[in-house]
Colleague: 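First the structure, then my questions, so here it is.
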Amino acid sequence: MLRFASLGSGSKGNATLIESGVNDKDTRILLDCGFSTKEVEGRLEKLGRTAESLTAIVITHEHSDHVSGAGRLSRKYNIPVWLTVGTSHACRDNDFYETHFINSHADFEIEALNLHPFPVPHDAREPCQFVFSDGASRLGVVTDLGYYTPHIISHLDKLDSLLLECNYDERMLLNGTYPHSLKKRVHGDKGHLDNKHASELLKKLDLNQLKNIVGMHVSEKNNTEEYASNALCEGLGCEQNAVSLASQAEGFSWREM
Ligand SMILES: [Zn+2]
Ligand SMILES: [Zn+2]
């Protein structure tokens, strides 16, 4: 049984929990750690889990909203960390308890979970995103993506669950208060996925067996919940209450596959 939950998602911090199993011997992966150790401990407690029980931390890229707390958490609880060489070199704090390097074109296993990484266009050194599988079902997680490519589409076909970035509404970003350079960065090919492109991407995927979808990394300044969920619904051709969004403050609670 694959389960997942979010500790929080957005430009102020991201962390997603993915676990497989039915008892205390679950494989439990923390994907990204953009919160302080104290925050992670508190947010894990709300989800009924402890930091001691984490099997691994997996990092997608070195931006602080994904990695700021990873080093300290890894050392405090002796948790091994998986990341690409490029991401490791670009992390300010990469003194992990134990480091495993990812080849972003090769699957690997962490206990009961299979991880299928793929490289993505994003303004980091060697960013990748993942499809997780326990052999029975597949969960795709794509939180930081400048644009989608045929390669990315091929990895996200036939998923059971998808966590997909819906970062911003183009009009709100361009008319908003961000400085010009930051607007350009977010809007660029190596920035973030906006509502319109998230919706377009969904239309290109084979999602016949999709049971869960959650919008991720929703900007608090340049998006609204209504815009983001409308975009996901439009892409899926479904009712608006069929989709949900991860929040910065709470993430979202457990989903089972
Ligand atoms: Zn990023
Ligand atoms: Zn991010």
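Since we're looking at a predicted model, the values are computed, not measured. All ligand and atom numbering here is 1-based and tracks the order in the structure.
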Colleague: Without hydrogens or angle criteria, can the side chains of His155 and His116 be said to hold a donor-acceptor pair below 3.5 Å?
Modeller: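 The answer is yes; a qualifying pair exists.
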Colleague: Would you say His217 reaches the Zn ion (ligand 2) with an N/O/S atom under 2.8 Å?
Modeller: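 Checking the Zn ion (ligand 2) against His217, an N, O or S atom does fall under 2.8 Å.
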Colleague: So which N/O/S atom does His122 have closest to the Zn ion (ligand 1)?
Modeller: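 Nearest to the Zn ion (ligand 1) within His122's N, O and S set: NE2.
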Colleague: Regarding His122 and His63, is there a side-chain donor-to-acceptor distance under 3.5 Å anywhere?
Modeller: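 Their side chains do contain a donor-acceptor pair, which is all the 3.5 Å distance test asks for.
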Colleague: Could you go through Lys158 and Asp206, starting from their C-alpha distance and side-chain angles, then the distance that decides it, and tell me whether this counts as salt bridge (Lys or Arg N to Asp or Glu O under 4.0 Å)?
Modeller: CA-CA 5 Å; Lys158 298 190 172 66; Asp206 174 355; 3.4 Å; yes
Colleague: Taking the Zn ion (ligand 1) as the vertex, how big is the angle to OD2 in Asp144 and ND1 in His63, rounded to 10°?
Modeller: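 Reported to 10°, the angle equals 170°.
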Colleague: Which word best sums up how the rings of Tyr168 and His187 line up, parallel for under 30°, tilted for 30 to 60°, or perpendicular for over 60°?
Modeller: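 Because their plane-to-plane angle lies in the 30° to 60° range, the rings of Tyr168 and His187 count as tilted.
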Colleague: Determine whether the side chains of Ser161 and Asn212 contain a donor N or O and an acceptor N or O closer than 3.5 Å.
Modeller: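 Side-chain D/A pair, Ser161 to Asn212: present.
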Colleague: Which atom name would you report as the N, O or S atom of Asp65 nearest the Zn ion (ligand 2)?
Modeller: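 Relative to the Zn ion (ligand 2), the closest nitrogen, oxygen or sulfur of Asp65 carries the name OD2.
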Colleague: Would you say His66 reaches the Zn ion (ligand 2) with an N/O/S atom under 2.8 Å?
Modeller: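 Checking His66: at least one N, O or S atom is under 2.8 Å.
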